[in-house]
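What follows is a short report on a single structure.
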Number of protein chains: 2
Amino acid sequence: METRIERLCVANGLRMTGPRRVIARVLSEVNGHPDVDELHRLAHRLDPRISLATVYRTVRLFEQHGILERRSLGSRRARYEMSGEHDHFHLVDQDSGQVIEFDEPETELLMRKVAARHGFELVSLKIELFGRRLGTAARAPEPAGEAAGP
Amino acid sequence: METRIERLCVANGLRMTGPRRVIARVLSEVNGHPDVDELHRLAHRLDPRISLATVYRTVRLFEQHGILERRSLGSRRARYEMSGEHDHFHLVDQDSGQVIEFDEPETELLMRKVAARHGFELVSLKIELFGRRLGTAARAPEPAGEAAGP
DNA sequence: CTACTTGCAAACGTTTTGCATAGGC
DNA sequence: GCCTATGCAAAACGTTTGCAAGTAG
């Protein structure tokens, strides 16, 4: 079955090669905010010939065509997610590294007004909240190299 | 004269070495959001023996003690600024790379409420807006390697 | 048939580190 | 005097690129 990403590729006039099809499938099935390494691991499982370089090239291509969006979310590696109709924000659990997405349309509108007040047209925005679950005693923030901070 | 950063270092029980004093001075005098390279260039001018590694180690140390905050602001290199009492936001001009800071206390409060709604205590937040000056025709986003995008 | 895409390995820019020495307290 | 900070050079890390071979349209 053809994924939504594949359809977007065709709509953007991109050549549908084997590796791109596999990476599109992986992107459609994974949830969360995978980094390139994770995408490569998953794609490699479906087709061991797929190289890391191709995954890098493909996510960059997809990003340039507005199919994917790149986030940092406090981690060193870039992380990707499918583009949606409107921006959404991310709340990062500093203890577990878990990322929660949420919509906040009023805030997006507010930010647009703030930009306008400074004489700017808003093109995009990133809102990342870093926090700790309520009722959790403060502890060492990152046991392993997974969680992320500001 | 002793800088505010130096005072914060002492308050945090940090050893006040020569290089740290110089870097503290540079951080106090520079304005904007310098990256490590720029800090090193400025520090090196005051004391040519100061190495890049020491600047890296020092900003990391200062960040760990809450004296500095790290930002990405769409650029590849990490950029630093002094911690303030409350968070402020950044508006990046996509054409020039220029960064405008602004306060938006209601938004900070709103974000705190949003985090709470999801069961989190807000520790910090990053809000980065990317935009274009009103009345500017769209053009090639980045003539040189300075400006930054989402 | 042609132009674009791929895999590989090597290069890249940024950040970190191992080690011997220098220096703060 | 002890223990940490420093400089240097080398390593690590994520990402990009040059090139020859492969493949979509």
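In what follows, chains are A, B, ... by sequence order, proteins preceding strands, each numbered from 1. Everything numeric in this text was worked out from a predicted model, so none of it was measured.
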Step by step, would you call B:Arg133 with B:Gln98 a side-chain contact (heavy atoms from CB on, under 4.5 Å)?
CA-CA 11 Å; B:Arg133 283 212 127 83; B:Gln98 192 201 358; 3.5 Å; yes

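Side-chain atoms of A:Arg132 do not come within 3.5 Å of backbone N or O of A:Gln94 as any donor-acceptor pair.
Separating the CD atom of A:Glu38 from the C1' atom of D:dG14 is a distance of 16 Å, rounded to the nearest angstrom. Rounding to whole angstrom units, CD1 of residue B:Ile50 and P of D:dT6 are separated by 9 Å. Atom-to-atom, NE2 of A:His40 to P of D:dG14 comes out at 14 Å; the value is rounded to the nearest Å. Across the protein-nucleic acid pair, A:Arg41 atom CZ and D:dG14 atom C1' stand 15 Å apart, rounded to whole Å.
Heavy-atom neighbours of A:Arg45 CZ from other residues, nucleotides or ligands within 6.0 Å: at or below the threshold of 12. No more than 12 heavy atoms of other residues, nucleotides or ligands lie within 6.0 Å of CZ in A:Arg49, so this atom counts as exposed by the packing criterion.
Judged by distance alone, the side chains of A:His88 and A:Glu81 do bring a donor and an acceptor atom under 3.5 Å apart.
Taking the six-membered ring where the residue is Trp, the centroids of A:Tyr80 and A:His33 are separated by 6.0 Å or more.
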In 5'-to-3' order, the base (B), backbone-only (S) or no-contact (-) status of each nucleotide in nucleotides 15-25 of chain D, using a 4.0 angstrom heavy-atom cut-off, is BBBB----BBS

